[in-house]
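Here is the naming used below: chain letters follow the sequence lines, and residue numbers restart at 1 for every chain.
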2 protein chains.
Amino acid sequence: MRTLETPALILDKVKLQQNLSTFQNRLLALGVRLRPHGKTAKNIDVASLALAGQPAALTVSTLREAEYYFEHGITDLTYAVGIAPSKLDHVCDLIKRGAKMKIILDSAAQVSLAAAKAATHGVILPVLIEIDCDGHRSGVQPDDQLLLDLAQQIVESQDLMLRGILTHAGESYACTSIEDITALAEQERSIAVQCANTLRSNGYPCLEVSVGSTPTGRFVENLAGVTEFRAGVYMFYDLVMEGLGVCNKEEIAATVLTSVIGHQHNKGWLITDAGWMALSRDQGNGQHGSGIVCTLDGTPHPQDLIVSGTNQEHGIITRRDGGAIDPADFPVGTLLRILPNHACATAAQYGQYHVIDGSETVVDVWDRVNGW
Amino acid sequence: MRTLETPALILDKVKLQQNLSTFQNRLLALGVRLRPHGKTAKNIDVASLALAGQPAALTVSTLREAEYYFEHGITDLTYAVGIAPSKLDHVCDLIKRGAKMKIILDSAAQVSLAAAKAATHGVILPVLIEIDCDGHRSGVQPDDQLLLDLAQQIVESQDLMLRGILTHAGESYACTSIEDITALAEQERSIAVQCANTLRSNGYPCLEVSVGSTPTGRFVENLAGVTEFRAGVYMFYDLVMEGLGVCNKEEIAATVLTSVIGHQHNKGWLITDAGWMALSRDQGNGQHGSGIVCTLDGTPHPQDLIVSGTNQEHGIITRRDGGAIDPADFPVGTLLRILPNHACATAAQYGQYHVIDGSETVVDVWDRVNGW
């Protein structure tokens with residue numbers, strides 16, 4: 001790492017692999033396979049590690065990710081954002097090229113538009129009905145007649161195939177205790193199973209019952225009736241997850257390498273070259289500014305330093321307790337590593353990972369597929 | 001635009017050119033040339049328009065920008081972030097390949113490190129001393145003996161060339177009135193000129209007196225003694241600039257095109273496919289959520305809608321007054337455009353611009369050079 005131009009995104013493969021196996025084993029023990037979410041890593045090397053010993057099936061958040069993972073041989077892909085009409089041609093094209101693409105929807109308008117496009121392209125388009133299990137954003141309300149209306153509309157189409165339901169307990173990020181997360185995990189499961197049973201008892205197919213978020217995956221105790229679990233940020237973890245009790249700081253696998261470029265002696269500040277462009281604007285849970293400062297080995301600095309301010313390419317590092325930093329402890333050129341608030345947001349600022357293997361040595365460079 | 005996959009970054013060339021000429025003419029009328037900052041657009045087509053009728057000289061915020069603009073024929077480049085030691089080899093390499101790269105610094109350590117690297121590479125490295133004119137982040141305090149000490153250290157080196165001073169009134173983004181911005185512009189100018197005069201009266205060269213920020217450029221009344229002005233976001237403008245009174249909403253040239261993908265009927269929400277990945281996490285001045293919603297023609301929607309919530313790939317649009325949105329007004333697939341809080345942050349989420357010429361028609365696609 002000592003010869004890298006900063007800022008750079010560092011990925012510790014040892015921590016990554018530990019996070020992957022712990023999370024996966026937890027879900028396997030509950031009898032459910034993982035469909036890793038490709039949105040955090042946006043990289044085939046990470047995805048391949050995450051799929052070790054599992055079926056080659058991913059979740060994606062953009063069609064660009066879908067293209068990328070498909071080109072790298074992963075054909076079973078669920079695009080887990082409600083489908084926009086402007087993306088249907090692209091989805092159908094992926095299917096024609098051999099992808100097992102599934103889309104999600106929660107409205108009659110989407111069913112009509114998807115059916116029409118599938119017919120135009122001469123493909124059968126597999127769909128999941130999105131369920132709102134926690135009022136977080138989108139999806140059909142679990143007890144809404146719309147669920148059965150959509151199922152009927154889908155099965156009446158010659159061009160769509162109803163595969164099941166999908167839900168995401170996004171409110172788990174806003175929980176304030178492990179008990180709350182555990183309860184929300186059961187809510188996510190029970191509502192998903194309830195909706196699946198509603199479909200089945202009314203004669204509709206529901207092979208897939210897909211749930212998931214990293215916090216609920218960490219604490220869920222029962223996944224009876226669920227067929228797959230989706231999560232992404234568990235691969236890297238971050239300070240938001242740490243704040244929720246989902247991980248500890250030592251498990252955070254993605255960090256930002258930065259250089260000290262100056263000091264404000266009167267204020268006791270360090271100035272670095274990791275600003276908001278390098279760290280993202282994500283303020284996480286509001287406890288750590290734009291991130292916690294570590295020494296080069298990735299351990300939180302004993303002086304308890306945070307990135308308390310950022311400009312585009314400048315970071316301001318201060319002591320959490322407000323005391324002045326002694327510039328002599330951090331000469332110009334000192335390399336530091338920052339634990340990010342939100343790994344998805346921070347990683348998205350980079351085109352590549354510099355991969356380390358637990359030590360200081362960069363052993364690989366892995367690309368990322370950003371944008372749409 | 002109607003056939004684009006969303007989200008997409010739209011750049012209105014008519015507004016862009018108006019912004020460029022208005023800002024440039026204002027500074028030319030004050031007798032100062034503009035050295036546009038390449039950090040907002042990160043694109044050669046925009047930079048070329050910004051340089052029309054001016055010397056081909058840019059400011060950059062990363063060495064990746066420097067490489068990119070250099071490859072596109074712009075050789076006179078000021079890297080306006082305090083130099084990190086790990087970047088000096090790259091800077092020297094650019095100089096060896098013909099770039100007129102200038103770096104900035106504010107410490108004796110940086111002078112020593114830069115001189116050593118320049119000697120190793122056998123180049124003369126032009127440097128500017130960074131001045132702190134407003135306590136914003138980095139730079140030498142104007143009345144600090146360090147200014148003369150650094151000048152002496154630089155001129156004693158055989159390998160560095162003292163070109164002058166550089167400062168940036170970054171606190172202008174935090175001003176609350178046009179009077180405050182105007183006063184800060186004069187402070188930026190007068191401190192820069194004072195430091196330049198300190199250098200000259202002590203026998204040091206100071207050919208370049210470089211100042212600038214978009215807010216101070218908009219309201220500055222006197223630039224006597226200044227040789228160049230740097231600014232970037234004036235090209236696109238955004239809601240932060242609008243909140244400062246620097247522009248109006250109609251001048252914002254970069255917007256995000258998004259599709260309505262659903263509704264939460266009970267809550268009166270629209271769900272779109274522009275989440276924080278598409279808009280950035282920047283909350284601007286806190287007045288507009290993650291942005292103001294416009295109709296497809298770029299005019300703020302008459303229902304006064306804002307992006308009040310975001311997930312990674314989902315936006316939640318609500319009425320500012322808290323009333324419910326009638327889903328019938330926004331069928332699935334409706335295209336909207338979002339005015340961003342901060343153009344630099346939002347544009348950085350995209351690999352390209354879809355350029356329009358005042359109408360709905362995309363007339364060009366321009367790339368962006370993100371990362372480091």
Side-chain angles (χ1 to χ4, degrees), chain A residues 2-8 39 61-63 81-87 90 105-107 109-110 113 132 135-138 141 170 259-264 266-267 271 273 276-278 280-283 309 311-314 316 331-333 335 342 344-345 348-352 370-372, chain B residues 2-8 39 61-63 81-87 90 105-107 109-110 113 132 135-138 141 170 259-264 266-267 271 273 276-278 280-283 309 311-314 316 331-333 335 342 344-345 348-352 370-372:
Chain A
R2 290 181 191 271
T3 57
L4 291 178
E5 282 185 44
T6 50
K39 78 186 177 84
S61 73
T62 67
L63 293 187
V81 179
I83 192 69
S86 64
K87 299 186 177 92
H90 194 167
L105 45 73
D106 65 359
S107 67
Q110 286 168 303
L113 291 159
D132 180 10
H136 184 60
R137 56 184 184 215
S138 44
Q141 299 308 305
S259 297
V260 173
I261 61 172
H263 308 90
Q264 282 294 3
N266 297 342
K267 296 171 178 167
I271 310 290
D273 61 1
W276 57 253
M277 191 67 88
S280 94
R281 279 287 203 185
D282 203 304
Q283 294 298 292
N311 298 153
Q312 184 160 341
E313 297 289 346
H314 293 80
I316 296 171
V332 166
L335 294 173
H342 189 168
C344 306
Q349 304 300 104
Y350 295 82
Q352 56 191 16
N370 295 316
W372 295 270
Chain B
R2 290 182 191 270
T3 57
L4 291 179
E5 282 184 45
T6 50
K39 78 185 177 86
S61 72
T62 67
L63 294 187
V81 179
I83 193 69
S86 63
K87 300 188 177 93
H90 194 167
L105 44 73
D106 65 358
S107 67
Q110 286 167 304
L113 291 159
D132 180 11
H136 183 60
R137 57 183 183 214
S138 45
Q141 299 307 306
S259 298
V260 173
I261 61 171
H263 307 90
Q264 282 292 4
N266 298 341
K267 297 170 177 167
I271 310 292
D273 61 1
W276 57 253
M277 191 68 87
S280 93
R281 278 288 201 184
D282 203 305
Q283 294 298 293
N311 299 152
Q312 185 160 340
E313 297 289 347
H314 293 80
I316 295 171
V332 166
L335 294 173
H342 189 167
C344 305
Q349 304 299 103
Y350 295 82
Q352 55 190 16
N370 296 316
W372 295 270

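With a 4.5 Å cut-off on side-chain heavy atoms, A:D106 and B:H263 do not count as touching. A:K39 is not listed as a side-chain neighbour of B:M277, based on a closest heavy-atom distance of 4.5 Å or more. In this structure, the side chains of B:V332 and A:P85 come closer than 4.5 Å at one or more pairs of heavy atoms.
Contact of B:Q352 with chain A is not made at all, since no heavy-atom distance falls under 4.5 Å. Contacts between A:I83 and chain B at a heavy-atom distance below 4.5 Å involve the backbone alone (N, CA, C, O). A:T62 touches chain B through its side chain: at least one heavy atom from C-beta onward sits under 4.5 Å away, while N, CA, C and O do not. Looking at A:S86, both its backbone and its side chain come within 4.5 Å of chain B, counting heavy atoms on both sides. Within the 4.5 angstrom heavy-atom criterion, only side-chain atoms of A:L63, from C-beta onward, approach chain B. For A:L113, the part sitting under 4.5 Å from any heavy atom of chain B is the side chain, from C-beta outward, and nothing else. No part of A:A8 comes within reach of chain B, as not one of its non-hydrogen atoms sits under 4.5 angstrom from that chain.
Within the model, atoms OG of B:S61 and CG of A:N311 stand 11.5 Å from one another, a figure rounded to the nearest 0.5 Å. Here the CD-CZ distance, from A:E313 to B:R137, works out to 9.5 Å after rounding to the nearest 0.5 Å. In this structure, B:D282 CG and A:Q283 CD are separated by 9.5 Å, a value rounded to the nearest 0.5 Å.
Here the closest non-hydrogen pair linking A:I316 and B:H136 is CD1-O, 4.0 Å.
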